[in-house]
Every structure is written in structure tokens, then in C-alpha cells.
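Single-structure report; data block below.
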Protein chains: 2
Amino acid sequence: MTTDGNGAGVGGSADAPTPAGPVGARGGRRAAPTLRQVAAAAGVSRATASRVINGGHLVSDQARAAVEAAIAELGFVPHPVARSLATRRTDSVALVVPEPNERLLGDPFFGHIINGLSLSLEAADLQMVLVVVRPGSGQDRAVRYLTTGKVDGAVVTSHHREDSLNRRLVESGLPCAFQGRPLGVDSACYVDTDNVAGARRAAEHLIASGRRRIGTVAGPADMAAGIDRLTGWREALTAAGLPVDAVEHGDFTVAGGTAAVQRLLRRHPDLDAVFLANDLMASGALGVLAASGRRVPEDVAVFGYDDLGLAATTTPPLSTVVNPVERMAARAGAMIADLLAGGEPSSAPVILDAELVLRASA
Amino acid sequence: MTTDGNGAGVGGSADAPTPAGPVGARGGRRAAPTLRQVAAAAGVSRATASRVINGGHLVSDQARAAVEAAIAELGFVPHPVARSLATRRTDSVALVVPEPNERLLGDPFFGHIINGLSLSLEAADLQMVLVVVRPGSGQDRAVRYLTTGKVDGAVVTSHHREDSLNRRLVESGLPCAFQGRPLGVDSACYVDTDNVAGARRAAEHLIASGRRRIGTVAGPADMAAGIDRLTGWREALTAAGLPVDAVEHGDFTVAGGTAAVQRLLRRHPDLDAVFLANDLMASGALGVLAASGRRVPEDVAVFGYDDLGLAATTTPPLSTVVNPVERMAARAGAMIADLLAGGEPSSAPVILDAELVLRASA
DNA sequence: TTGTATGCGTTATCAG
DNA sequence: CTGATAACGCATACAA
């Protein structure tokens, strides 16, 4: 083993240009052992030591054993930065989230995204880096960060409004996977849920249970989820020969939903059902309806969208459409992992199903 | 300027060992320009080019102008990984969050943490890396990631249960700042809110408004926030000569709060007020009270804790204690930024105030 | 003020 | 199977 007290310097290998003085212990952390020290302790070259670390092919059992012993003894861990510089990989991917608005702060949505993604990335030994893009110069900043080699790829949550970010990212050549159909860019590398079908089914349920005057509070007209859920609602009502004029738009927040429902009821006091593009807004609707003396679901049925926890705790509990956010994020993570492993970019998006969950409100 | 069509190779500098062949364009991304190319284009040495990039001291105006022009022309951006290897800094800090449980998924808590922290880190030109620690081997994994040079420091949200993570991190020498008083470690480098005072004030308000039989649903007994809020409640009741026997513990979730309140009411049907250690549990309590035919606040007053959005939207809206989560995270970010900039570790924690917000429930 | 030389810790190439 | 050695891209003592 040739491990003299010094820890290095023996072994006869001609590669020790390092001054070898007492390591400059800055702060309080003692310097981590390097590959060179491992090689010296094992009596092999750095190249051989490196081989056993990376797969261990093409090395004699003897050399491998020696190196592994040295690694264990020194507590060696490869320095990720140095490795990145050499391999030009960082083994980390960014989760890009839109500007922090009411939705980021108060919606369980992002918690689920984060959980699903970090879990699937972990399975591929990738680290998640959260990049929140702020308005103003934040986008430039984010693009610079993402395209200068600090991450190997990105999962972009495309629930934000259409802007140039998506396009800039794919044009930069950075491997990207989108969660939610991306607007403003022509990429098939995304996973989404079938928002159209989900909304349609919700509306169909309302119709099947006898409702005839059905309104909706749609999401923002410039977000994919907002557009698609409105489309599904229209499809169902049109197919049933019902009018589709009772539409208001909300911003996916409780306050926004509250205001939108008030407008809707003012214009259409005869509504016997309302479909809201997410549960947060539906929760606001519940308050408005109660305040106006309408009973849910006897007088007005309420249907939400998301089922991310809130729906089960309102009074009455909300019937809603399951938004498989966590699974979407996980699939997006797998997608980017595939891409980074050399897989081909998927030619078709992954669309997860949108099932109903019936509770008391409709 | 000596810029021949080749872009490099002139200037007489003796450092061009690179083969100079057509860059291996892997994937679809064209290779980013390097410092060497900038130096060549500007007709200076790499050292000089490096100097103008890092502050620009000790360089002639002429050289600086030439380098800046070259940078602009080539669109040069320093490669962060190479820079990190040389400087031994990464300019990024980790946000360490506990295992993903119900709280991470459904609580707006983490959204606020993320927002506050990323904002303050951005001000210090630091990038936030989110590290979620899973049960099992997740902790080893996290510690390895955090202590091998991929981040310069960490902000640890200490709302998770007491475990060895805190200790392992500070012992590793990694600069750490905690959000919430850390259990299991003796560090003054944290920012918290005065949970004891907050809970005490809430209870005092209940007492001042005439309530005499006051119960509480405390948080977990092994989390700082749970412990402190219970303490505050006890202090107020004891000072008023009221009994402190009506105590149940919940897990900070709606379901947990629901169950805990049911137990509490079974044991103490005469309660005229209840203080819950967070709004999620308070929201569960609202449902139980309504179901049992008790009016809020006429029969039973309800007081929550957090005011992170939910409290304003329940029926009735919750009186609660403001938990300045975003400001805490921001302060923790500033703390770690200071530390990394060479500042001294703070000798005393930062404690933010806990104010009441009165709504209809109490 | 500028340039030279070297180090940062790995991986990868290419002779042996 | 193994070992020199050259990248990787940038920063920085030190010399001039």
C-alpha cells in the first residue's frame, strides 16, 4: 500500500507537481482528498484510479481493490466541479418556473411539481436546480444561467403566460422538456394532461345530472390550461345543444374567482351550475354562492379542476377534475433524463388522462 | 486589433496549444467562445482579459476597451464551471427542505420560502439550488451533495422533525443559515419569528374578548414551531388563571387538525374557543364545528396561525397570527450571503415579530 | 500595467 | 490492462 504518514509522494508515479505544502485550510473545512492522493495511496496512476471510479472496466481486480481501499480510507468523493469541467456535464437539470405570482405562492401546484420532478430526477442521479424567472431583466438572467453550462437541461413549467422564454430556450439548443403544452414554440417534447377532455367530462356530468343553465369561469386566455378547459366546456355544451354564453375569465386565484363569479351571476342569475377552471377559483365561488343565499349543490352545482388538496376540504367538498401534476412532472423529468442519456427527442407529447372525482358540490 | 479571419493565432502570445481545428459541435449547440478567443481578438493576454472581466482594476483604458469590444463581438460569457474550479466558489446556495410530506405539497409555506429566498439571493448574485431531502438514504445523498463543493452554503428550513441533518451540516463546515430555530444543533445563525409571543397574543385576544374555556390544537411536539406556539398559549392562560388542560396535538395538516379538534371537543364539549397552531388545522376545525352545529364565532371562537392566504378565504375568515415566512427566508438569504462575503457568523439570531390579524372567526 | 506560468481536480486519448 | 499527458476554461501569484 505504501502509505507513509505523508499520505502521498510515494508510488514512483511522476505526477506530483503540486507543492504538497500543508493544505491551505480556509474557513474551518479541511481540504477534501483528491484523486491524486487516492492514486498515490493505492500505488496506481490517476488514470487507473479514475477508471475504477467510473465503472471499473478495464482494470485488474488487484488494482481495483487497492483503489477502493484507498477511497474508503481517505473518504474520497470526486469533486463535482472538476468532473463537470472535464466531462462537460453537470448532472443537474433546472426546473424553470414562471414569475412568482399569487399562483406560485398560494397554490399547491408547485409543491407537487417539485415533488414529482425531484423524485424522477433523483432516480436518474440528476440534481434539480430551481430557477425562478422574474419579470424585467429576470428573463435575460435566467437564459444566461441556463445556457452557459451550469445545467444539462431544463424542465419548464409552461403555465405562465406566453412570452419569449420558451423560444429562447429551445433555440439555444438546451435540452428542454415542458410541463404543459408550451405556447410560442413548436416542440413536441412536453407532457400535459388532457385539459379539453377533463373539462368536457366535467360539463357532461353537469348536463347528465340535469343542469341546463351552465356557466363557466375560465382561466386566463393566454395560458394553455385556460384555453383548453374552456374549449372542453364549450364542446360539451354545444353537443348538448346548450348555450355557451355564460363565460367569465379569472386568474386562477381565489380573489379572481370570487370576482368572476360575481360578474357571472349578475349577468346570468338563472345559472344552475358553474364550472371553474381550477379549485382555487371554485373555492371563491362557494363563498359567493353562500353569501347570495344559494345552496350548493341544490340550487347551483359547482365543479372545479385540480384536486390538489383544497377540493376535499371546502364546504361542501368540491367535485373536480384530477390534474395529475405530480405524474406530469415525473414524466417530464424522465423525458429530460432520456434526452440527456442520448435518447431521441420524443416526436409526440405525452398526454395524461383527466379523471373526475365526484364529491358533494355537483 | 490584429484580427485576421481566423479569429486567433496572432498577437504573438505564446499560449495556443489548442489544436484549433473546427470546434466539435456536439448536439446542436455551437461552442461558446472562450477567454482565450477573447484575448486573441483583443490582442492581449488571457490574464489581462480575465482582469477586465473581474473588476477591471489594474488595466489600461485602452486594453479594457479592446477586451470589452471583443467580449461584445463574440458574445462571450465566462464558463461558470471553469470559473468555479479556479476560484473554488460556485456562487450558488442550497435551499434544503425536509422530506416531501403533506406540508410540502399542500402548504403555501414553501412557496413563500422559495420566493423570499430566491429574491434575496438574487440581490447578492447567488443562485438558489433546491435540495429536497427524502427519508432513508436521502439524507446521505443530500449531505454528500452539499459538502462536495457544488454549493457555497445552505439555507435550511428547520420545520422538519429533529434529526441528525442539521448537526451533520454544521459539522461539515458548510456555511449554514437556518429558517426557524434549528433543533439538535447549537447555532445562532438562524432567523425565526416569535412563535411564543404570537401564540400568547392570540390567546390573550381570546381571553380579552371574554372566552374562558380555551383549548388548543398544538403542532407536533418535536418541531420548534409546535413547541413554541404551545408555550405561548400556556403562558397566556396561566397568567389569566385559566386551565391549560385542553390540549391535543395535530400534524399541521387539514386532516390532522380535523381529527385533533374532534378529540378535543369530545373531551371538552364546553370549549368556547380554540387556538390552532396553523391555519390548515384551523380550516379543518371550522368544518368540524360547523358539522357539530356550533356557530363560529358565536359559540366557539377559532384562532389560527400563519396567514399565508388560506385564512382569508375560509368561512368565516380566520383570525390568525401573521407568520412572516417570506421575510424570514429573505433574511436567511441575506445572512448566508453575508457569511459567504466574509462576514462574521451572527452571534444572535434574528427574531421577527408575530402580529395578529383579526377577521371574523374570533 | 502586462504577460508568463501554473494550478484547480477530473476525464479522455493514446502509446505501451 | 496501465500510465503519461493533454485537455477542460478560468484565475492568479509572480516576474517583467
Side-chain angles (χ1 to χ4, degrees), chain A residues 8 11-21 23-24 26 31-40 42-64 66-67 74 76-91 148-150, chain B residues 11-21 23-24 26 31-40 42-64 66-67 71 74 76-91 148-150:
Chain A
S13 50
D15 59 18
T18 311
V23 284
R26 177 169 63 173
T34 74
L35 182 62
R36 170 175 286 135
Q37 292 168 19
V38 170
V44 301
S45 71
R46 281 180 299 166
T48 298
S50 179
R51 282 188 202 103
V52 1
I53 289 167
N54 303 13
H57 303 298
L58 268 34
V59 262
S60 65
D61 290 352
Q62 184 187 349
R64 185 197 340 280
V67 171
L74 297 177
F76 170 79
V77 175
H79 190 102
V81 175
R83 175 180 287 199
S84 287
L85 185 58
T87 60
R88 311 186 67 64
R89 291 181 303 107
T90 62
D91 294 316
T148 52
K150 295 206 67 156
Chain B
S13 51
D15 58 16
T18 313
V23 286
R26 177 170 64 173
T34 73
L35 183 63
R36 170 175 288 135
Q37 292 168 20
V38 169
V44 301
S45 70
R46 283 181 298 166
T48 298
S50 179
R51 283 187 201 106
V52 359
I53 290 168
N54 303 13
H57 303 299
L58 267 35
V59 261
S60 64
D61 290 352
Q62 184 187 353
R64 180 191 351 272
V67 171
I71 289 177
L74 297 176
F76 170 80
V77 176
H79 190 108
V81 175
R83 178 183 291 212
S84 287
L85 185 58
T87 61
R88 311 184 67 68
R89 291 181 303 107
T90 63
D91 295 317
T148 54
K150 294 207 68 156

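Chain letters run A, B, ... following the sequence lines, proteins first, then strands; residues in each count from 1.
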>> Using whole Å, what does the distance between atom P of nucleotide D:dC8 and atom CZ of A:Arg89 come to?
In response: 17 Å
> In whole Å, what is the span from the NZ atom of A:Lys150 to the P atom of D:dC8?
Replying inline: 21 Å
> Closer to the 5' end of DNA chain C via nearest nucleotide, is it A:Ala82 or A:Ala47?
Replying inline: A:Ala82
> Passes side-chain contact (heavy atoms from CB on, under 4.5 Å), B:Arg51 versus B:Val44? Steps please.
Replying inline: CA-CA 11 Å; B:Arg51 283 187 201 106; B:Val44 301; over 6 Å; no
>> Looking at A:Asn54, I'd like to know whether one of its side-chain N or O atoms comes within less than 4.0 Å of OP1 or OP2 on C:dT11.
In response: yes
> When the distance from CG of A:Leu85 to P of C:dA12 is rounded to whole Å, what number comes out?
Replying inline: 12 Å
> Between OG1 of B:Thr90 and NZ of B:Lys150, what distance do you get to the nearest 0.5 Å?
Replying inline: 9.5 Å
>> Between P on C:dG9 and CG on A:Leu74, what's the gap in Å once rounded to a whole number?
In response: 14 Å
>> Could you check whether any side-chain N or O of A:Thr148 sits under 3.5 Å from a backbone N or O of B:His79, counting only pairs where one atom can act as donor and the other as acceptor?
In response: no
> What about A:Arg51, does its side chain sit under 3.5 Å from the base of D:dG3 through a donor-acceptor pair?
Replying inline: yes
> Could you state the CG-P distance from A:Asp91 to C:dT10, rounded to the nearest angstrom?
Replying inline: 15 Å
>> Checking side chain to side chain contact (heavy atoms under 4.5 Å, CB included) between B:Ile71 and each of B:Leu35, B:Ile53, B:Val77, which is the one that passes?
In response: B:Ile53
> Counting just side-chain N and O atoms, does A:Thr34 come under 4.0 Å of either OP1 or OP2 of C:dG9?
Replying inline: no
> Which of the following nucleotides, C:dT4, C:dG9, D:dA4, is nearest to the side chain of B:Arg88?
Replying inline: C:dG9
>> From CG of B:Asp61 over to P of C:dT1, roughly how many Å is that when rounded to an integer?
In response: 9 Å
>> With a cut-off of less than 4.0 Å, is there a side-chain N or O of A:Ser60 near OP1 or OP2 of D:dT2?
In response: yes
> Base, sugar-phosphate alone, or nothing: which one does A:Leu35 contact when heavy atoms must sit under 4.0 Å apart?
Replying inline: base
> A:Ser50 side chain N/O closer than 4.0 Å to the phosphate oxygens (OP1, OP2) of C:dT10?
Replying inline: no
> Nearest to the side chain of B:Leu58, which nucleotide is it out of D:dC10, C:dT2, C:dT10?
Replying inline: C:dT2
> Rounded to the nearest Å, what distance is computed from the CZ atom of residue B:Arg46 to the P atom of nucleotide C:dG7?
Replying inline: 14 Å
>> Looking only at the side chain of B:Thr87 (C-beta and beyond, no hydrogens), which of the listed nucleotides C:dT2, C:dT11, D:dA11 gets closest?
In response: D:dA11
> When the distance from NE2 of B:His79 to P of D:dA7 is rounded to whole Å, what number comes out?
Replying inline: 18 Å
> Is the backbone N or O of B:Arg46 less than 3.5 Å from a side-chain atom of B:Ser50, with the two atoms forming a donor-acceptor pair by type?
Replying inline: no
> Phosphate oxygens OP1/OP2 of C:dG9: is one of them under 4.0 Å from a side-chain N or O of A:Arg83?
Replying inline: no
